[in-house]
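Data block below; observations after.
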Amino acid sequence: MRGPWGISSYGTYVPYWRLSRETISSALGSPRRGGVRTVAGYDEDTTTMAVEAARRAGPGAGTSHLYDGVLLATTMPVYADKTNATTVHAALGMRPDAHAGDANGAVRSGVAALLGGIQRPGTTLVALSDLRLGPSGSVDEAEGGDGAAAFVVGDGSAIPLVAELIGYGSASREFLDRWRAPGEKWSSSWEERFGEDVYAALGRQSIDSALKAAGIAAADIDRFAIVGLSGRAAKRVAKDAGVTPDSATADLMSQIGNCGTAQPGLALSAMLDTAGPGEILAVTLLADGSDTLLFRTTEALGPRVGRDSLATQISGPSGDVSYADFLTWRGLLQRQQPRRPDPDRAVAPASNRQLEWKFGFSCSECQACGVRHMPPQRVCMSCGTVDQMRSVRLADTPGRIATYTVDYLAYSPAPPVIGAVLDFDGGGRFQCELTDLDADSLAVGQRVEMTFRHISDANGIRNYFWKARPTREEQQA
């Protein structure tokens with residue numbers, strides 16, 4: 001292999017909401033299963049989760065100008081005939097000359113995007129994001145999960161590599177294991193024993209090819225993750241490969257479920273969270289074939305003090321969602337809607353004019369008196385100065401709740417609706433909606449952070465803007 005290529009930084013996103021598998025069993029009388037699955041909120045989708053993972057992936061706030069491109073991979077894109085990665089590009093405030101592209105449609109697209117990003121010139125942000133559904137009571141529904149992982153990758157010229165790609169192996173074969181026709185909400189699959197037999201050979205082939213490319217033996221691997229939508233196949237390949245309990249990554253299935261396209265990224269992130277310099281990490285994906293990636297961590301990995309690790313997100317504050325709400329949020333249960341006019345669709349020219357505000361959450365700051373205006377203004381409301389403003393991004397700036405209202409009458413898929421007036425660190429006041437919280441835990445003065453969310457749908461257009469949520473420290477207090 002030429003190189004070096006690899007990972008400079010990474011981040012993950014696990015939604016706030018959890019659905020217990022026992023809750024599904026109780027509702028349907030289906031066989032009982034332990035553990036929980038993550039559930040994206042009613043105001044989340046694969047694009048918003050990709051944005052949240054990408055915000056955690058950067059080596060620091062305000063570093064998105066270092067990225068030369070962004071790739072988004074998912075099996076559940078919000079749009080067809082429109083690039084979803086451009087929304088991530090705008091939400092992060094990336095340079096206009098940075099490329100944005102999608103790699104959508106199949107679980108294997110995530111590894112394809114990661115490899116493509118690693119070997120592109122410069123520095124690329126790669127986001128893997130997915131929502132997993134299945135028929136009510138099915139294994140796919142209970143063992144699926146929602147989440148995202150993002151990686152800043154490339155040749156390390158702009159940001160030092162924390163993990164270098166030292167080997168890659170692949171095996172492909174056309175066989176009917178899992179499929180989903182356009183427009184269908186979930187995939188269908190053949191009998192699992194059939195896929196297990198096929199994947200056993202493909203997995204072994206990709207692992208052997210990667211080891212040969214790296215010039216190492218299986219015994220040299222310190223941490224190993226084998227993932228795929230077939231749990232039986234993953235266990236068999238792990239056994240055949242000699243993966244020991246000491247080298248196997250943490251069991252994410254019982255903690256968050258299988259997040260499809262994002263699962264190899266989440267497993268790799270979990271290994272990076274706990275690895276030290278000089279370790280060899282392996283991740284194998286079984287999906288329409290098999291891909292194995294081998295990484296060696298570098299001295300740049302260092303201690304991850306204060307990092308929002310995957311384990312921290314999994315064990316952190318969360319909310320339980322009912323089975324009926326889960327089905328409603330995914331559009332699988334039709335419930336009474338409010339007798340009110342449908343929301344207006346987002347207007348393209350206005351959205352384009354307010355791009356930095358709507359997607360990047362950037363205010364205008366008066367250069368004469370320092371007052372911040374939200375939304376941005378040309379004329380300072382404090383000193384009257386005209387066109388003496390500079391743009392200041394507040395998406396990554398925390399703030400405090402100045403006052404709030406809990407509204408049980410306004411319609412919401414997750415009532416009540418909570419509106420708050422926020423005061424941002426360094427100045428700036430804004431009124432917005434709060435999300436991902438228990439209304440009973442609210443208090444004036446609580447610390448909050450911004451999060452990119454789906455606001456409404458109309459005429460096939462998805463409207464995005466920013467909401468606020470309590471910081472993790474506030475939720476744990």
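Just so it is clear, the structure is predicted and the values come from calculations on it, not from any experiment. Just so it is clear, the values below take in all heavy atoms, side chains as well, and ignore hydrogens, waters and symmetry mates. The first residue of the sequence shown is numbered 1, and numbering continues consecutively from there.
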Problem set entry | Any T261 side-chain heavy atom under 4.5 Å of Q263 side chain | no
Exercise. Any chance the side chains of T83 and T86 put a donor and an acceptor closer than 3.5 Å?
Worked result: no
Exercise. Can you tell if the side chain of M450 reaches within under 4.5 Å of the side chain of L394, non-hydrogen atoms only?
Worked result: no
Exercise. How long is the gap from CG on D344 to CD1 on I461, to the nearest 0.5 Å?
Worked result: 11.0 Å
For this session: State, with a plain yes or no, whether a side-chain heavy atom of D407 is found less than 4.5 Å away from one of I418.
Result: no
Exercise. Do NZ/NE/NH1/NH2 and the carboxylate oxygens of R330 and D325 come within less than 4.0 Å?
Worked result: no
Exercise. For K235, does the NZ atom sit with more than 12 other heavy atoms under 6.0 Å from it, leaving out its own atoms?
Worked result: no
Exercise. Hey, are S206 and T292 close enough side-chain-wise for a donor-acceptor pair under 3.5 Å?
Worked result: yes
Problem set entry | Distance-only side-chain donor-acceptor flag, Y13 / E44, under 3.5 Å | yes
Problem set entry | R345, CZ: over 12 other non-hydrogen atoms inside 6.0 angstrom | no
Problem set entry | Within 6.0 angstrom of R21 CZ, more than 12 heavy atoms from elsewhere | yes
Problem set entry | Residue pair R33 / S25: nearest heavy atoms and the distance that separates them | N-OG, 3.8 Å
Problem set entry | Close side-chain approach of E141 to F326, heavy-atom, < 4.5 Å | yes
Exercise. With a 4.5 Å limit on heavy-atom distance, are the side chains of R335 and L333 in contact?
Worked result: yes
Exercise. Aromatic rings F465 and F361: how do their planes relate, parallel, tilted or perpendicular, breaks at 30° and 60°?
Worked result: perpendicular
For this session: Apply salt bridge (Lys or Arg N to Asp or Glu O under 4.0 Å) to R236 and D197, showing your working.
Result: CA-CA 9 Å; R236 179 166 169 181; D197 289 337; 2.8 Å; yes
Exercise. Are R393 and S362 linked by a side-chain donor-acceptor pair shorter than 3.5 Å?
Worked result: no
For this session: Using the side chain to side chain contact (heavy atoms under 4.5 Å, CB included) rule, pick out the option among L293, I7, V227, L128 that qualifies with L268.
Result: I7
For this session: Kindly compute the distance separating CG (D130) from OG1 (T75), expressed to the nearest 0.5 Å.
Result: 3.0 Å
Problem set entry | Verdict with reasoning, D140 to R132, per salt bridge (Lys or Arg N to Asp or Glu O under 4.0 Å) | CA-CA 8 Å; D140 279 356; R132 301 303 301 179; 5.7 Å; no
Exercise. Between R18 and D146, is there a salt bridge with N-O shorter than 4.0 Å?
Worked result: no
For this session: Could you tell me whether R462 and D45 have a side-chain N and a carboxylate O separated by less than 4.0 Å?
Result: yes
Problem set entry | Centroid-centroid under 6.0 Å between Y168 and F295 rings | no
Exercise. Are the charged groups of R400 and D425 less than 4.0 angstrom apart, N to O?
Worked result: no
Exercise. Are T471 and R447 close enough that a side-chain donor and a side-chain acceptor fall under 3.5 Å?
Worked result: no
Exercise. So Y42 and W329, would you call those rings parallel, tilted or perpendicular, with 30° and 60° as cut-offs?
Worked result: tilted
Exercise. Is it true that E449 and R469 make a salt bridge, defined as a side-chain N closer than 4.0 Å to a carboxylate O?
Worked result: yes
Problem set entry | Atom pair CD1 (I256) and OG (S318), whose distance is rounded to the nearest 0.5 Å | 12.5 Å
Exercise. What distance do L165 atom CG and L115 atom CG have between them, rounded to the nearest 0.5 Å?
Worked result: 6.5 Å
Exercise. Can you check side chain to side chain donor-acceptor pair (under 3.5 Å) on D177 and S189, steps first, answer last?
Worked result: CA-CA 6 Å; D177 168 56; S189 59; over 6 Å; no
Exercise. Does the side chain of S230 pick up a donor-acceptor pair with the side chain of E192 at under 3.5 Å?
Worked result: yes
For this session: Find the distance between OG (S20) and CZ (R32) and round it off to the nearest 0.5 Å.
Result: 9.0 Å
For this session: Taking atom types as modelled, find out whether Y323 and S136 have a side-chain donor-acceptor pair closer than 3.5 angstrom.
Result: yes
Exercise. Would you call R296-E279 a salt bridge at under 4.0 Å N-O?
Worked result: no
Exercise. With a 3.5 Å cut-off and no angle check, do the side chains of S170 and R108 form a donor-acceptor pair?
Worked result: yes
For this session: For W179, look at atom CH2 and say whether over 12 heavy atoms of other residues, nucleotides or ligands are found less than 6.0 Å away.
Result: yes
For this session: With T12 as reference, evaluate R56, E52, Q313 under the side chain to side chain donor-acceptor pair (under 3.5 Å) test and give the passing residue.
Result: Q313
Problem set entry | Inter-residue atom distance E196.CD - L286.CG, 0.5 Å rounding | 11.0 Å
For this session: Can you spot which of F452, W357, Y79 makes a ring-ring contact (aromatic ring centres under 6.0 Å, His included) with Y464?
Result: F452
